[in-house]
Colleague: 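Once you've had a glance at the structure underneath, I'll fire off some questions.
Atoms considered below: every heavy atom in the structure, side chains included; atoms not considered: hydrogens, waters and symmetry mates. Chain identifiers are assigned alphabetically (A, B, ...) following the order of the sequence lines, protein sequences preceding nucleic acid strands; residue numbering begins at 1 within each chain.
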Number of protein chains: 2
Amino acid sequence: MRCLRTLVLFDKGNISSSESWRSVYEGYSRSIQRIDFPEGSGALTLRRKRRLNSGQFERNGVKYLQSRFLKNMRDDEGWQPEGVVELARDRHQPPLKLYPEGIDFIEPIASDFGGFDLYLRSDDGFRVAIEWETGNISSSHRSMNKLSISIKAGLVDAGVLIVPSRAFYEHLTDRVGNIGELSGYLEMWAGLGASIPRGMLAISVVEHDSLTDDLTVPYLPRGDDGRAKEGRAKL
Amino acid sequence: MRCLRTLVLFDKGNISSSESWRSVYEGYSRSIQRIDFPEGSGALTLRRKRRLNSGQFERNGVKYLQSRFLKNMRDDEGWQPEGVVELARDRHQPPLKLYPEGIDFIEPIASDFGGFDLYLRSDDGFRVAIEWETGNISSSHRSMNKLSISIKAGLVDAGVLIVPSRAFYEHLTDRVGNIGELSGYLEMWAGLGASIPRGMLAISVVEHDSLTDDLTVPYLPRGDDGRAKEGRAKL
DNA sequence: TATGGATCCATA
DNA sequence: TATGGATCCATA
């Protein structure tokens with residue numbers, strides 16, 4: 001699998017020049033590169049989506065990709081997940097005006113930040129949150145918002161969203177995150193950097209190595225491992 | 001149905017004091033109030049969710065609510081939808097840095113803004129975008145981001161997200177938008193106001209009038225979207 | 001084809 | 001129970 005490019009949305013404190021960042025970047029970059037299919041082939045060969053008689057498309061599932069990524073980060077690169085980012089519910093919540101009452105109101109913070117796909121801490125204390133985004137495109141918005149807030153709160157030094165290219169997206173589960181549909185919003189997240197004293201936000205765009213119509217190459221399994229066989233049986 | 005409160009996230013140009021805004025607010029406020037179930041009863045009586053033998057919950061679907069709202073806005077309040085907000089693909093896209101290349105890169109804007117649930121224009125030119133948010137909670141993030149960008153671009157004077165209270169959410173399709181899960185992000189959207197010369201962003205929180213266990217009150221109808229079939233197959 | 005959505009799933 | 005999905009639907 002390939003990392004096509006890494007976009008830096010903001011970088012306050014010149015974090016992208018640090019050795020700590022470079023080490024994390026190279027680790028996740030290699031972990032992406034090592035995701036192959038069929039496993040052991042050394043490249044990600046993706047079965048092209050195809051229209052079934054029902055009119056639906058058959059596509060590749062997404063869970064395999066994330067689980068390979070996390071495994072590579074752990075087993076090959078030696079990164080251990082750090083547990084959840086603690087963004088307390090009792091943190092400062094600015095008062096908002098109520099309409100039409102015109103009075104101040106503090107909406108209580110009534111949910112927790114559920115954590116990142118991967119939250120790392122280097123020996124020198126450098127903290128990185130990585131989101132492997134193959135949920136629905138709308139979920140990518142939440143991920144970016146969450147990374148932004150965590151950086152602003154000083155809980156994360158660098159936040160990364162890893163997201164499929166538009167071409168890759170075409171052959172994956174319908175409506176998963178993709179850089180094309182985020183492109184119109186980059187300006188907004190980049191603008192958030194103005195109010196942040198220190199921290200970096202980036203997006204890495206990933207893609208398959210090649211497409212195939214070869215019937216002997218299965219689609220990436222959909223659902224969890226237990227249902228992978230089920231998915232293949234349907235073919 | 002009730003509107004519990006309307007939170008103003010930012011208001012640049014004192015838009016909330018304008019007669020144009022008041023007129024729109026009162027119209028959508030009444031349109032919410034007139035959503036009833038069973039139809040004609042004058043109140044939204046909601047069947048409480050219940051656990052089935054399979055372990056799944058039976059809950060209320062969400063499409064009925066939105067379609068009633070849009071109908072009330074049109075038939076009772078006389079608001080005609082205005083078509084799509086034109087946020088051109090060739091608008092300014094700021095250059096971002098690529099890592100590790102360190103060079104500037106403009107990510108092309110490769111998707112359109114697909115429009116709002118309701119986009120209104122008063123006779124005096126006042127433009128309001130309203131999102132009735134009963135999609136997935138992550139979709140509420142996209143809606144808020146989209147409203148924010150459209151206001152910033154000067155295409156919308158006031159943007160409103162209408163979203164269920166946490167108590168209401170409990171009995172609707174699992175994982176739909178709710179104020180509880182947005183509460184931790186309000187600060188971010190409120191902060192966007194700082195860089196916007198003119199415009200207003202608000203959230204209205206809505207709720208049922210009463211809950212019932214009465215077996216003669218049906219659940220709000222559900223569609224066949226998403227993983228509906230998968231769920232039914234388990235029954 | 002493209003965009004926003006609606007629905008149930010997995011797991012701590 | 002709570003949070004982040006993963007998946008397929010509806011419609012212009």
Side-chain angles (χ1 to χ4, degrees), chain A residues 49 51-52 54-67 83-84 87 89 110-117 131-143 145-146 166 169-170 172-178 180-182 184 220-227 231, chain B residues 49 51-52 54-67 83-84 89 110-117 131-143 145-146 166 169-170 172-178 180-182 184 220-235:
Chain A
K49 74 175 172 190
R51 194 187 292 272
L52 303 175
S54 64
Q56 292 174 297
F57 280 98
E58 181 160 21
R59 302 170 196 253
N60 294 280
V62 296
K63 292 187 91 166
Y64 170 85
L65 301 168
Q66 188 199 32
S67 81
V84 300
L87 201 51
R89 284 197 187 196
S111 60
D112 294 310
F113 274 55
F116 296 103
D117 292 333
E131 288 279 80
W132 180 274
E133 247 299 343
T134 49
N136 188 287
I137 174 66
S138 63
S139 183
S140 309
H141 281 260
R142 177 176 51 203
S143 287
N145 291 348
K146 187 154 69 157
R166 185 73 188 188
Y169 155 83
E170 290 292 340
L172 301 176
T173 296
D174 193 21
R175 309 305 294 119
V176 299
N178 61 89
E181 283 183 76
L182 292 179
L220 296 177
R222 283 170 296 166
D224 62 82
D225 287 13
R227 300 212 310 249
Chain B
K49 75 174 171 189
R51 193 185 293 271
L52 303 175
S54 64
Q56 293 173 296
F57 280 99
E58 183 161 19
R59 302 172 198 251
N60 295 279
V62 296
K63 292 186 91 164
Y64 170 84
L65 300 168
Q66 189 200 31
S67 81
V84 300
R89 284 197 188 197
S111 61
D112 295 309
F113 273 54
F116 296 103
D117 292 333
E131 288 279 79
W132 180 276
E133 247 299 344
T134 50
N136 188 287
I137 173 65
S138 63
S139 183
S140 310
H141 281 260
R142 177 176 51 201
S143 288
N145 291 347
K146 188 154 70 157
R166 186 72 189 190
Y169 154 83
E170 290 291 340
L172 301 175
T173 296
D174 193 21
R175 308 306 295 120
V176 299
N178 62 88
E181 283 183 77
L182 292 179
L220 296 176
R222 280 167 299 164
D224 285 324
D225 299 65
R227 307 181 69 160
K229 284 177 188 164
E230 193 180 330
R232 274 180 201 154
K234 286 175 69 177
L235 297 181

Colleague: D:dC8, D:dG5, D:dA6: which one has an atom nearest the side-chain heavy atoms of A:Arg222?
Modeller: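 Per side-chain heavy atoms of A:Arg222, the pick is D:dC8.
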Colleague: Roughly, in whole Å, what's the span from CD1 in A:Ile137 to P in D:dG5?
Modeller: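 About 12 Å, once rounded to whole Å.
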Colleague: With sugar-phosphate meaning primed atoms plus P, OP1 and OP2, does A:Ser111 contact a base, only sugar-phosphate, or nothing at under 4.0 Å between heavy atoms?
Modeller: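 Sugar-phosphate only.
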Colleague: Does A:Glu170 pair with A:Arg59 as a salt bridge, N-O distance under 4.0 Å?
Modeller: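 A:Arg59 and A:Glu170: not salt-bridged.
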Colleague: Is any N or O donor-acceptor pair between the side chain of B:Asp117 and the base of C:dG4 shorter than 3.5 Å?
Modeller: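 Per atom types, no contact qualifies.
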Colleague: Are any side-chain N or O atoms of B:Lys146 and backbone N or O atoms of B:Gly115, one a donor and one an acceptor, separated by less than 3.5 Å?
Modeller: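 Judged by distance alone, yes, a pair lies under 3.5 Å.
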Colleague: Is B:Thr173 touching bases, backbone alone, or none of the nucleic acid, heavy atoms closer than 4.0 Å?
Modeller: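 It contacts base atoms.
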Colleague: Select base, sugar-phosphate, or nothing to describe what B:Arg175 touches, counting heavy atoms under 4.0 Å on all strands.
Modeller: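 Base, at least one base atom sits under 4.0 Å.
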Colleague: Taking only the side-chain heavy atoms of B:Phe57 (C-beta and beyond), determine which of C:dT3, C:dG5, D:dT1 contains the nearest atom.
Modeller: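 In terms of side-chain proximity for B:Phe57, the closest of C:dT3, C:dG5, D:dT1 is D:dT1.
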Colleague: Contact class for A:Phe116 (heavy atom, under 4.0 Å): base, sugar-phosphate, or nothing?
Modeller: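 If one applies the 4.0 Å heavy-atom cut-off, A:Phe116 turns out to touch nothing in the nucleic acid.
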Colleague: Let me spell it out: for each of A:Ser138 and A:Glu170, pick the nucleotide of DNA chain C with the closest heavy atom. Which residue's pick is nearer the 5' end?
Modeller: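 In this pair, the answer is A:Glu170.
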Colleague: If you find the nucleotide of DNA chain D closest to A:Gly135 and the one closest to A:Asp174, which residue's nucleotide is nearer the 5' end?
Modeller: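 This one resolves to A:Gly135.
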Colleague: Considering only side-chain heavy atoms of B:Tyr169, which listed nucleotide, D:dC9, C:dC8, D:dT3, is closest?
Modeller: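 Output: D:dT3.
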Colleague: Looking at CD of A:Glu181 and NE2 of A:His141, how far apart are the two atoms once the value is rounded to the nearest 0.5 Å?
Modeller: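 With rounding to 0.5 Å, CD (A:Glu181) is 7.5 Å from NE2 (A:His141).
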Colleague: Under 4.0 Å, counting only non-hydrogen atoms across every strand here, what does B:Glu58 touch: a base, just sugar-phosphate, or nothing?
Modeller: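 Here B:Glu58 touches no strand at all.
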Colleague: Taking any heavy-atom pair under 4.0 Å as a contact, classify B:Thr134: base, sugar-phosphate, or nothing.
Modeller: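 Touches sugar-phosphate only.
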Colleague: What is the distance, to the nearest angstrom, from the CZ atom on A:Phe113 to the C1' atom on D:dG4?
Modeller: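 One finds 13 Å between C1' of D:dG4 and CZ of A:Phe113, rounded.
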Colleague: Base, sugar-phosphate, or nothing: which does B:Arg166 touch, judged by heavy atoms less than 4.0 Å apart?
Modeller: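 Sugar-phosphate, backbone atoms only, no base.
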Colleague: Whole angstrom is fine here: how far is it from NZ in B:Lys49 over to P in C:dC8?
Modeller: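 Rounding to the nearest Å, NZ of B:Lys49 and P of C:dC8 are 13 Å apart.
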Colleague: Whole-Å distance between C:dA6 C1' and B:Asn60 CG?
Modeller: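 Answer to the nearest Å: 14 Å.
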Colleague: Output the rounded distance in Å from CH2 (A:Trp132) to P (D:dG5).
Modeller: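 Taking atom P of D:dG5 as the reference, CH2 of A:Trp132 is at 13 Å.
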Colleague: Between B:Glu131 (side chain) and B:Phe116 (backbone), is there a donor-acceptor pair under 3.5 Å?
Modeller: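 Flag not set: sc B:Glu131 to bb B:Phe116 has no pair under 3.5 Å.
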Colleague: Closest-nucleotide mapping onto DNA chain C: is B:Arg89 or B:Arg59 further toward the 5' terminus? I mean the 5' end.
Modeller: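 On the 5' side of the pair lies B:Arg89.
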Colleague: From the set C:dT7, C:dT3, D:dC9, return the single nucleotide nearest to any side-chain atom of A:Gln56.
Modeller: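 The answer is D:dC9, which lies nearest to the side chain.
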Colleague: Quick one: ring-ring contact (aromatic ring centres under 6.0 Å, His included) partners of B:Tyr169, sequence neighbours excluded?
Modeller: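 Expected list: none.
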Colleague: Quick check on D:dG4: is either OP1 or OP2 less than 4.0 Å from any side-chain nitrogen or oxygen of A:Ser139?
Modeller: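 The answer is no; no side-chain N or O of A:Ser139 sits under 4.0 Å from OP1 or OP2.
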Colleague: Grab the NZ-P distance between A:Lys146 and D:dT3 for me, whole Å please.
Modeller: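 In whole Å, D:dT3 P lies 10 Å from A:Lys146 NZ.
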Colleague: Tell me, please, which residues at least two apart from B:Thr134 pass side chain to side chain donor-acceptor pair (under 3.5 Å).
Modeller: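 Listed in chain order: nothing, the list is empty.
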Colleague: Could you state the atom-to-atom distance from CD of A:Gln66 to C1' of D:dG4 in whole Å?
Modeller: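 Those two atoms, CD and C1', are 10 Å apart.
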Colleague: A:Asn136 CG to C:dG5 C1': how many Å, rounded?
Modeller: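 The distance from CG of A:Asn136 to C1' of C:dG5 comes to 8 Å, rounded to the nearest Å.
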Colleague: What's the closest nucleotide to the side chain of A:Arg142 if the choices are C:dG4, D:dG5, D:dT7?
Modeller: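 For the A:Arg142 side chain, the nearest candidate turns out to be D:dG5.
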Colleague: Between D:dA10, D:dA6, D:dG4, which one does the side chain of A:Lys63 approach most closely?
Modeller: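 From the listed options, D:dA6 comes nearest.
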